[in-house]
Asks: 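Let me begin by handing over the structure; questions about it come next.
In what follows, every heavy atom counts, from backbone to side chain, and hydrogens, waters and symmetry copies are set aside.
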Amino acid sequence: MSTTNAGDGDPTTAKTAFPILAAISVCHLLNDMMQSLLPAIYPMLKSNYGLDFGQIGILTFTFQFTASVLQPLIGFYIDRKPKPYSLAAGMGFTLSGLLLLAYAHNYAVLLLAAALVGAGSSVFHPESSRVARMAAGGRHGLAQSLFQVGGNAGSAIGPLLAAFIVLRYGQSSVAWFSLAALLGIFLLIHVGHWYKGHGLARMKLHAAKGRAQAALPRTRVTLAIAVLIALIFSKFFYMASMTSYYTFYLIDQFQVSVRSAQVHLFVFLAAVAIGTITGGSLGDRFGRKAVIWGSILGVLPFTLLLPHANLFWTGVLSLPIGFILASAFPAIVVYAQELMPARVGTVAGLFFGFAFGLGGIGAAVLGQIADATSIRFMFHVCAFLPVIGLLAGFLPDLETESRRRRLPAAAVDITGNVEAGPAPTRK
């Protein structure tokens, strides 16, 4: 991969750096494929270690809590002091967690392995999302989708590989996936070269352009961020029900085999991957707010039907649920970055971290609900979560606001200096 000729040149006219986007998307695939092995082998771990649903939820909580706590802090730090090679270092944490998972001999070691994998995510996601914006060349929705779809594809492939490799050869075969981590480290070192040589100049320009446009009042930004967090809650609580408990639901409700349940999970996650890549492009074309609104609320009819469907229709309904729900996240991240253009890393860390945290909390809470009632009842409760999508109506239309509030005669030179009239006073 060339690190010196990836759509660069003059930063003011930089094009979309597709080689860099491809590299971080592949690394996202590898990263999330390795991480998805953990929930994919939950049935094996439950049997091997005698775990109940509550312990399964705590295992997921440990992994996702580690990521959620660290990601916003890392995002804030890299906004102030960028570290081009931190991505490769973060992949090393995932590598360590995988090896520990392969040879864990008790539940405490499983929790430690989950924490290390979470730490790898805490470094990878905010930094790689920041690289995606560096490489976007103005096509921010497309760039964010290309980055995120790698992760969705990896999450879909992970359960399939677990079904045909880990279930066949045992828990120790998880160690084989360390080769994927080593490949990721190699690619991310090359991304770090481009980041240092070209990406930082692009990011400086992006931040300067953001400051050259009038910002929304602080109260409106705060309200918009609060709405986005509520929408993330809706999306990732429901996603937790599917990624952590869909296989158990299918086994309990329809008496399918573990392998068959994991294939169904793969189909759902494949639909998530397709929805992710579609959502970013639609956001570039029709606006982020429209995509956010349609994605969160539009999935409601399908989630309400799923708990009442037979096995065939459950598989069918999982396709639009995964596709529609996934289309929101690229638009949400880019929308939030446009709200706070000088805090791209912080925003990425906050939203990826919050997504992981909610997924972990959701897994723990839903596991307790399933233990106290039934896994079918838990899916009935989750079916109503997309109603929260109604809150998207309170989001401002950023395209309209930008045109209305743009500063007259703002100019940004290549060094990032802004020449403009006085900015409007924030409330």
Asks: L98 vs Q35, test: side-chain contact (heavy atoms from CB on, under 4.5 Å). Steps then yes/no.
Replies: CA-CA 8 Å; L98 269 185; Q35 293 173 17; over 6 Å; no
Asks: Of all heavy-atom pairs between I41 and A162, which one has the smallest distance, and what is that distance?
Replies: CG2-CB, 3.9 Å
Asks: For the side chain of K289 and the backbone of L395, is there at least one donor-acceptor N/O pair under 3.5 Å apart?
Replies: yes
Asks: From C27 SG over to M91 CE, what is the distance, rounded to the nearest 0.5 angstrom?
Replies: 5.0 Å
Asks: Testing the 3.5 Å rule here: is there a donor-acceptor pair between the side chains of Q71 and S122?
Replies: no
Asks: Between F61 and A364, which heavy-atom pair has the shortest distance, and what is it?
Replies: CB-CB, 4.3 Å
Asks: Any side-chain heavy-atom pair from W176 and L161 closer than 4.5 angstrom?
Replies: no
Asks: Taking the side chain as every heavy atom from C-beta outward, state whether L228 and L339 have any atom pair closer than 4.5 Å.
Replies: yes
Asks: Quick check against the 3.5 Å criterion: does S47 have a side-chain atom that pairs as donor or acceptor with the backbone of P43?
Replies: no
Asks: Does the structure place the NZ or CZ of K83 under 6.0 Å from the centre of the six-membered ring of Y195, at an angle of no more than 45° from the ring's axis?
Replies: no
Asks: Distance check, rounded to the nearest 0.5 Å: F93 atom CZ versus T66 atom OG1?
Replies: 11.5 Å
Asks: Which pair of heavy atoms, one from S318 and one from A271, lies closest together, and at what distance?
Replies: O-CB, 4.4 Å
Asks: Got P82 and R130 here, is their nearest side-chain heavy-atom distance under 4.5 Å?
Replies: yes
Asks: Where do A175 and L99 come nearest, in terms of heavy atoms and distance?
Replies: CB-CD2, 4.1 Å
Asks: What about the rings of Y49 and Y107, do their centers lie closer together than 6.0 Å?
Replies: no
Asks: Verify whether the ring centers belonging to Y42 and F248 lie closer than 6.0 Å.
Replies: no
Asks: Would you confirm whether the ring centroid of F268 sits within less than 6.0 angstrom of the ring centroid of H264?
Replies: no
Asks: Are V365 and Q368 close enough, and set up right, to give a side-chain contact (heavy atoms from CB on, under 4.5 Å), and what steps lead you there?
Replies: CA-CA 5 Å; V365 170; Q368 296 295 333; 5.9 Å; no
Asks: Taking atom NE2 of H190 and atom CG of L87, what is their separation to the nearest 0.5 Å?
Replies: 14.0 Å
Asks: For S241, is there any backbone N or O sitting under 3.5 Å from a side-chain donor or acceptor partner on S244?
Replies: no
Asks: Rounded at 0.5 Å granularity, tell me how far OG1 in T62 sits from CG in L110.
Replies: 10.0 Å
Asks: Quick one: does F379's side chain get under 4.5 Å of L306's, heavy atoms only?
Replies: yes
Asks: Let me know which of L223, V227, I229, T222 forms a side-chain contact (heavy atoms from CB on, under 4.5 Å) with I225.
Replies: I229
Asks: Go through the steps to decide whether L250 and T314 satisfy the test side-chain contact (heavy atoms from CB on, under 4.5 Å), and finish with yes or no.
Replies: CA-CA 9 Å; L250 294 172; T314 296; 4.0 Å; yes
Asks: Do you know which two heavy atoms are closest between P301 and L297, and how far apart they sit?
Replies: CD-O, 4.2 Å
Asks: Would you kindly say whether S145 and T276 are connected by a side-chain donor-acceptor distance under 3.5 Å?
Replies: no
Asks: Regarding T247 and Q262, do their side chains bring together a donor and an acceptor under 3.5 Å, going by distance alone?
Replies: no
Asks: Can you check side-chain contact (heavy atoms from CB on, under 4.5 Å) on F177 and L30, steps first, answer last?
Replies: CA-CA 9 Å; F177 294 91; L30 296 173; over 6 Å; no
Asks: Measure from the side-chain N and O atoms of S172 to the backbone N and O of Y103, and report whether any donor-acceptor pair falls under 3.5 Å.
Replies: no
Asks: Parallel under 30°, tilted from 30 to 60°, perpendicular over 60°: which one fits the rings of H193 and Y85?
Replies: perpendicular
Asks: Would you mind reporting whether M134 and W194 have side-chain heavy atoms less than 4.5 Å apart?
Replies: yes
Asks: List the steps, then state whether side-chain hydrogen bond (donor to acceptor under 3.5 Å, both in side chains) holds for S327 with T278.
Replies: CA-CA 6 Å; S327 64; T278 303; over 6 Å; no
Asks: How close do Q55 and D52 get, heavy atom to heavy atom, and via which atoms?
Replies: N-OD1, 2.7 Å
Asks: So, taking the atom named CZ in F147 and the one named NE2 in H28, what distance separates them when rounded to the nearest 0.5 Å?
Replies: 4.0 Å
Asks: Would you mind reporting whether L38 and V117 have side-chain heavy atoms less than 4.5 Å apart?
Replies: no
Asks: Atom CD1 of I185 and atom CG of L95: how far apart are they, to the nearest 0.5 Å?
Replies: 5.5 Å
Asks: For L385, enumerate each residue passing the side-chain contact (heavy atoms from CB on, under 4.5 Å) test, keeping only those at least two apart in sequence or located in another chain.
Replies: F233, S234, F237, Y238, C382
Asks: Evaluate the side-chain proximity of H125 to I74: yes if any heavy-atom separation is below 4.5 Å, no if none is.
Replies: no
Asks: State, with a plain yes or no, whether a side-chain heavy atom of Q337 is found less than 4.5 Å away from one of R133.
Replies: yes
